[in-house]
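Worksheet: the structure to be examined is printed underneath.
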Amino acid sequence: MEEKNQHLLKPLIKTTTTNSYENDHKITSYSSNTSIILRLVLVIFVGVVSLWANYEASKGFSITIVNEAIEDTFSSKRFDLFYVSNDEATRLVQRTSKFIENILYPIDDHQDFDQPQIKKQVKHVILQLSSQNLTHPVIIESSQDNDEFVIHISPSILEGPNYKRDMFLALQKGMARIWLWDGQGNAPSNIVNGMIEYITSFEMSGSESVESVRLKRSCWKSKDTRTIVKLLNYCEGKKEGFVRRLNKEMKNGWHEEMIDDVLGMPAWHLCETYNKKVL
């Protein structure tokens, strides 16, 4: 009887062992399949991101990043690490450019222009970290055809504790200079520099003290950039879109009456009312 019971138990034990093996095999197979699927999803995701990045980079103008700083210097290493290796420099140029374009050439601009805005032609932008400190944080150089531009960045920007903010502001001003018309090189530098500061400045306080302007057209000849920024802001308050209109007019040249024409009133009158406001 005892032998018979033992014989009956043997198949049950064998069956149980077989089922356990099959379950383990199924679990292992499922885990393996899941791992393969996850890898495929990751590869597809990386591919999509890569294609999207290439598509974004291909839009608008081409961008080249150059590090001319002395090798192994602090600024050179920081530029390579935080702006070249991860392609942040390219994205930063695109982002600052888009910001300036939206101000000067908005797509939904239906203001009273006689003719639509003609956007400046920009084909190639080279962002170059210079080999030595410059007289200004950023200097722009253009080609003879005026469609290729080099943004020279001073290495000193990368040496401070707020280098990310300083780099962003420098590139924003650089792109503003690139997208602004300059009267075919004849517009006064104080006007162009004032426009750059106006469209890129976020810190100028409305109560900041500035010098009063002189009457008649000489009010626009102030060498104080802050004064020009204040004047531009005052003009925008009088006639919205003034800066965009002035930029549009400067495409084909420059003349002393241009500000009068864009304002729709004599500039001396605006200077007079402005002085009464700020004094």
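Just so you know, these numbers come straight off a predicted model, no measurement behind them. Starting from 1, each residue takes its place in the sequence as its number.
The hydrophobic cluster containing Phe74, built from Ile/Leu/Val/Met/Phe/Trp/Tyr side-chain heavy atoms closer than 4.5 Å, comprises no other residue.
Here Glu88 pairs with Arg91, Arg95 under the salt bridge (charged side-chain N to carboxylate O under 4.0 Å, His left out) rule; sequence neighbours left out. Under the side chain to side chain contact (heavy atoms under 4.5 Å, CB included) criterion, Asp166 pairs with Ile157, Asn162, not counting sequence neighbours. Qualifying ring pair (Phe, Tyr, Trp, His ring centres under 6.0 Å) partners for Tyr198, counting only residues two or more places apart in sequence or in other chains: none. Judged as a salt bridge (charged side-chain N to carboxylate O under 4.0 Å, His left out), and not counting sequence neighbours, Glu148 has no contacts. The ring pair (Phe, Tyr, Trp, His ring centres under 6.0 Å) search around Tyr234 returns Tyr274, not counting sequence neighbours. Listed by chain and number, the residues in a side chain to side chain contact (heavy atoms under 4.5 Å, CB included) with Asn102 are Lys98 (sequence neighbours excluded). For the side chain to side chain contact (heavy atoms under 4.5 Å, CB included) test, no residue two or more places apart in sequence or in another chain qualifies with Glu71. The salt bridge (charged side-chain N to carboxylate O under 4.0 Å, His left out) test applied to Lys238 returns no partner, not counting sequence neighbours. The ring pair (Phe, Tyr, Trp, His ring centres under 6.0 Å) check on Phe82 picks up Tyr163, with sequence neighbours excluded. Applying the side chain to side chain contact (heavy atoms under 4.5 Å, CB included) rule to Lys123 yields the partners Gln121, Asp147; only residues at least two apart in sequence or on another chain are considered.
Pairs engaging residues 177-188 under the salt bridge (Lys or Arg N to Asp or Glu O under 4.0 Å) rule: Arg177-Asp182 [sequence neighbours left out].
Salt-bridge formation is detected for the pair Glu101/Lys119: a Lys NZ or Arg NE/NH1/NH2 atom is positioned less than 4.0 Å from an Asp or Glu carboxylate oxygen.
Without hydrogens or angle criteria, Arg78 side chain to Leu158 main chain gives a donor-acceptor distance under 3.5 Å.
For Lys248 and Trp181, the positive end is not near the middle of the six-membered ring at less than 6.0 Å and at most 45° from its axis.
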